[in-house]
Amino acid sequence: MEDSTPLKQKIEHQELGETGRPWEEMVTTSQDPEPRLSEASESEQGPVTGPQPRSSPPGIPQSGASTPVDDLVGPGVSSPPSPSQEPSSTPSPLALAVQDLMAPWQSDKTTSVISEAGTPHLDHLEQSSDKAESTPHQTCQSEGNTFHQSQQTKCHLYGPRDVSYNNSKRKELRFDIFQEEDSNSDYDLAQPESGASEVAPSMLEIAIQNAKAYLLKSSSKSGLNLYDHLSEMLTKVLDKRPENAVDIIENVSQDVKMEHFSKKLDTLQNENEMLPTYEIAEEQKALFLQGNLEGADQEMEDEIAEHSLPNVMESAFYFEQAGVGLGTDETYRIFLALKQLTDTHPIQKCRFWGKILGLEMNYIVAEVEFHEGEDEEEVEEEDVPEERDNGDSEADEDELPRSFYKAPQAIPKEESRTGANKYVYFVCNEPGRPWVKLPAVTPAQIVIARKIKKFFTGRLDTPIISYPPFPGNESNYLRAQIARISAGTHVSPLGFYHFGEEEEEEEETEGRRDSFEENPDFEGIQVIDLVESLSNWVHHVQHILPQGRCNWFNPIRKSEEEEEAEEEEEEEEEEREEPDYIELEVGPPLLTPISEDLEIQNTPPWTARLSSNLIPQYAIAVLRSNLWTGAYAFSNGKKFENLYIGWGHKYSPDSYTPPVPPPVYQEYPSGPEITEMDDPSVEEEQAFRAAQEAAVNSTEENEETEEDEDAEDDYD
Amino acid sequence: MDEESLLLSLELASGSGQGLSPDRRASLLTSLMLVKRDYRFDRVLFWGRILSLVADYYIAQGLSEDQLSPRKTLYSLNCMEWSLLPPATEEMEMQTSVVKGRFMGDPSHEYEHTELQKVQIKEETRLVSIIDQIDKAVAVIPRGALFKTPFGPIRVNRTFEGLSSSEAKKLSSYFHFREPVELKNKTLLEKADLDPSLDFMDSLEHDIPKGSWSIQMERGNTLVVLRSLLWPGLTFYHAPRTKNYGYIYVGTGEKNIDLPFML
């Protein structure tokens with residue numbers, strides 16, 4: 001609305017300019033219209049040149065006394081306060097007011113909103129100005145009056161202030177205008193209204209009044225009003241001058257509204273939001289600083305001598321060639337975290353096993369082998385004692401029928417360092433977080449892990465709710481999956497490992513050997529060979545039998561089985577009624593080539609590829625498992641490494657079918673003794689008796705008759 | 001992910017483990033630019049990679065000015081030569097619903113399926129249909145990244161400054177990057193709170209089954225990663241308070257039908 005004022009006034013200038021002294025007519029009550037006019041024009045120079053350069057705007061007073069704007073712009077800035085022939089304060093406000101009007105008018109020209117707002121008024125003005133020359137100035141006058149009225153409240157809010165012609169203060173300028181005009185109108189009113197012909201406010205003025213009042217109405221919801229909002233918006237647009245401003249004007253409007261609610265919070269609240277970020281950053285900082293310990297020199301030597309830390313970055317480089325990996329800086333952090341692990345635990349060998357994704361958090365897994373004899377003691381196995389407790393409690397109760405159910409004996413887990421428990425695994429959620437050791441895996445857990453399929457959540461103590469019920473929580477399930485993945489996908493080039501020569505000859509374990517060592521004579525295999533033929537790769541982790549162990553454990557006690565002798569928990573085994581014959585489970589022996597792996601419904605279990613087709617000379621062989629999606633192995637002929645990054649589940653083209661519950665247990669065998677039969681009807685009984693009486697006569701049948709009668713009584 | 005910010009996007013999406021090797025990256029950067037010029041796309045997105053038995057498919061999509069208009073899909077086996085794929089139809093989807101197992105790696109391979117009669121389905125058809133399904137099901141875009149102009153076309157919002165940290169953790173701040181399906185079913189009360197220029201797509205909140213998205217903060221809370229559990233391999237990343245966001249699919253191209261058992 002305020003824009004209409006400058007517009008109007010300019011239009012009237014334009015109109016009146018042709019006639020001569022617009023200012024004069026505008027400010028009829030002023031004492032010195034002409035000097036004022038000249039002042040106005042002069043003082044226009046200053047502020048007008050202050051703001052941005054602009055093309056010559058229309059509506060510049062064309063009066064003789066006032067030079068066209070170009071001329072105004074040209075000459076240097078003269079001080080706004082009037083070189084006054086009129087020392088009174090009002091001329092300068094008026095002049096300033098005019099300047100204010102000029103400046104916004106010129107800059108606002110570029111925004112469409114204003115043009116839209118301006119045009120209707122322009123129409124009005126043109127019409128009105130066509131009518132009479134006196135009307136414009138009267139409107140100005142009465143406008144001054146109306147503004148005065150509407151600006152009553154604003155008057156005290158915006159005291160006189162220095163009119164600075166900065167862009168950002170244009171809004172204030174507009175209010176200045178009103179204030180100035182207030183004083184102007186005051187001045188005008190104060191003057192004897194001889195000159196001012198107070199014509200009754202025309203329709204146009206009322207319309208403008210109403211429009212402005214409407215724009216100033218505060219919204220009941222947000223307390224803003226459209227007037228302020230528009231002015232803020234335009235200020236923002238003019239400040240930033242974006243491209244295609246008309247297209248994004250709605251967004252600008254939204255942003256302005258949002259700024260009202262910008263957080264004026266104190267720093268405490270902001271910290272809350274960022275706290276987890278800072279925590280993690282602190283932990284990771286500790287990772288980076290762990291090298292700065294006392295006695296650094298000696299430790300350096302120790303470290304270099306130790307070799308327990310793997311060269312994760314090198315493996316990561318090779319894996320990146322294959323398109324697998326976690327990103328360089330993430331890998332580096334994992335590297336440092338592994339270093340921290342090796343520093344705090346007595347570890348002989350360590351390897352970055354991979355990353356398992358979870359719902360809420362992920363797991364970073366490290367495969368670790370402790371020094372000989374430095375295993376941490378584990379919690380005693382509780383599986384077998386539990387079973388015995390069950391049996392005892394039943395005996396204590398009174399004479400309840402004993403069930404014949406004998407729970408299948410829990411297959412004991414393998415000792416550490418053998419079979420599925422060959423390595424110890426540590427996990428953490430993010431590098432920098434403390435490493436947690438996973439418990440050893442039991443065969444029961446592996447057996448059931450094969451039957452369920454669950455996502456990991458990321459918290460180790462989550463219970464696994466499934467059918468069949470998993471004996472353990474997420475840490476056990478994780479460990480079981482890790483064991484399965486290792487057994488299924490850890491491969492190495494043929495010849496890298498070989499069996500040690502001196503051992504394993506005495507044991508009669510069907511030729512199965514469980515240990516191997518690096519072959520010092522390994523000469524490497526051509527990368528091309530590795531890709532073309534899968535028989536150049538071998539599994540170096542023992543296959544897990546259906547029983548859940550790597551080494552067959554026969555639950556039936558047989559004295560010649562040496563493995564049983566090793567297990568101390570088997571002393572109090574219950575004797576079975578029927579000796580079960582359990583089949584010996586055999587799995588492929590260690591170091592079997594992977595070409596022997598079974599196919600999954602017509603898809604080969606492995607995909608082998610060169611890492612790059614463009615530069616085959618330096619490419620590496622990459623092996624991708626189709627059975628466990630996410631398992632990768634690479635080799636450049638001499639070196640190799642395995643990695644797993646994925647969700648931790650096996651692939652199957654068919655959907656997962658949960659196992660059905662077992663059939664309902666039979667309570668008792670059915671036989672003729674308990675089978676219900678219909679009672680004989682009366683005729684049948686009589687016939688029966690008649691038949692028997694016929695047989696009574698013979699002495700030999702006496703005993704039978706008695707028996708029959710007894711039987712009859714029983715039946716009755 | 002936008003091809004303009006490909007390198008940064010790949011780095012941010014690397015948390016899922018699968019990415020691109022350096023030679024593929026380099027080839028993509030060059031070839032996508034040429035694709036953009038040749039097909040006159042407004043924006044080219046690198047959609048992802050479908051792992052198959054012999055050779056992987058690299059998929060790119062081209063967008064025109066209107067972000068929600070149907071996208072053109074291209075595939076390549078070596079990241080250099082791109083071929084346009086036909087648009088997906090309902091019939092294709094029905095055909096491919098019977099095909100199970102991995103992709104072969106050869107676009108002209110034919111799957112045979114015998115039901116009433118022997119039907120042969122080309123792998124290319126399957127590819128088209130799977131890409132379309134994945135897009136419709138799990139392509140994600142954060143709220144505020146696109147806005148709807150009054151005339152209808154959807155445009156990229158240049159004033160999108162990123163979601164705030166608290167917003168980024170909520171599933172309701174993310175939308176499906178497709179024509180809205182459930183929007184009409186919302187009650188009037190819910191619709192009243194929506195901003196029609198921003199909320200014109202379905203949110204992820206009401207996806208069935210519930211919990212089919214895993215939302216995580218990585219890299220110490222400076223990156224929010226959404227992973228779909230229904231189509232494992234789809235990763236969406238966004239760095240809160242920045243303009244970086246995007247999604248990539250690297251996977252076998254098979255739906256995870258076991259999802260209800262796994263949650």
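Residue numbers begin at 1 in each chain, while the letters A, B, ... track the order of the sequences. Keep in mind that this is a model prediction, so the values were computed, not measured.
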Identify which part of B/Glu254 has an atom lying under 4.5 Å from any heavy atom of chain A, answering side chain, backbone, both or neither.
side chain
Check this for me: B/Lys255, atom NZ, are more than 12 non-hydrogen atoms of other residues, nucleotides or ligands nearer than 6.0 Å?
no
Using the test salt bridge (charged side-chain N to carboxylate O under 4.0 Å, His left out), find all partners of B/Arg24 that sit at least two apart in sequence or belong to another chain.
none
Pair A/Asn362, B/Glu218: side-chain N/O donor-acceptor within cut-off below 3.5 Å:
yes
If you define the side chain from C-beta out and look only at heavy atoms, does anything of A/Trp647 sit under 4.5 Å from B/Arg227?
yes
Quick one: of A/Thr457, A/Asn626, A/Ile465, A/Ile615, who has the most non-hydrogen atom pairs under 4.5 Å with chain B?
A/Asn626
When A/Thr607, A/Leu326, A/Val252 are compared by non-hydrogen pairs under 4.5 Å with chain B, the top option:
A/Leu326
Strictly distance-based, threshold 3.5 Å: is any side-chain N or O of A/Glu360 a donor or acceptor partner for the main-chain N or O of B/Ile215?
no
Region of B/Val54 in contact with chain A, defined by heavy-atom distances below 4.5 Å:
backbone
Whether A/Arg624 and B/Asp56 form a salt bridge (side-chain N of Lys/Arg under 4.0 Å from carboxylate O of Asp/Glu) is what I want to check.
yes
Okay, B/Arg155 and chain A: the region with an atom under 4.5 Å from a heavy atom over there is neither
Find out whether A/Glu320 and B/Arg25 are in side-chain contact, i.e. whether some heavy atom of one side chain is under 4.5 Å from a heavy atom of the other.
yes
As an exercise, state the distance from OH of A/Tyr651 to CZ of B/Arg102, rounded to the nearest 0.5 Å.
6.0 Å
pair A/Phe455-B/Met262: side-chain heavy atoms closer than 4.5 Å
yes
Working for side-chain contact (heavy atoms from CB on, under 4.5 Å), residues A/Leu359 and B/Gln216
CA-CA 8 Å; A/Leu359 294 182; B/Gln216 280 176 17; 5.8 Å; no
Chain A interface, residue from B/Leu51, B/Asn78, B/Thr149 that has the most non-hydrogen pairs under 4.5 Å
B/Leu51
Would you mind checking which part of B/Arg158 comes under 4.5 Å of any heavy atom in chain A, side chain (CB onward), backbone (N, CA, C, O), both or neither?
neither
A/Asn251 side chain near B/Phe160 side chain, heavy-atom distance below 4.5 Å:
no
Once you round to the nearest 0.5 Å, how far does OG of B/Ser14 lie from CD1 of A/Ile645?
9.0 Å
Pick one of side chain, backbone, both or neither for B/Ala55, based on which atoms fall under 4.5 Å of a heavy atom in chain A.
backbone
At a 4.5 Å cut-off on heavy atoms, which part of B/Ser52 comes close to chain A: side chain, backbone, both, or neither?
backbone
Is a donor on one side and an acceptor on the other found under 3.5 Å between the side chain of A/Lys355 and the backbone of B/Gly15?
yes
For A/Glu474, what residues pass the salt bridge (charged side-chain N to carboxylate O under 4.0 Å, His left out) criterion, not counting sequence neighbours?
none
Got B/Thr159 and A/Asp255 here, is their nearest side-chain heavy-atom distance under 4.5 Å?
yes
Short N-O contact, A/Glu250 and B/Lys148, less than 4.0 angstrom
no
Side-chain donor or acceptor of A/Lys454 paired with backbone N/O of B/Leu263 under 3.5 Å:
yes
Rounded at 0.5 Å granularity, tell me how far CG in B/Leu53 sits from CH2 in A/Trp606.
14.0 Å
Under 3.5 Å, side chain of B/Asp258 to main-chain N/O of A/Tyr656, donor-acceptor pair present?
yes
Using a 4.5 angstrom heavy-atom cutoff, name the option from B/Gly17, B/Gly19, B/Ser214 with the most pairs to chain A.
B/Gly17
Value rounded to 0.5 Å, distance of CE in A/Met361 from CE in B/Met217
13.5 Å
When rounded to the nearest 0.5 angstrom, what is the spacing between OG1 in A/Thr657 and CZ in B/Phe261?
7.5 Å
Around atom OH of A/Tyr332, are there more than 12 heavy atoms of other residues, nucleotides or ligands at under 6.0 Å?
no
For B/Glu205, does the CD atom have more than 12 heavy-atom neighbours from other residues, nucleotides or ligands under 6.0 Å away?
yes
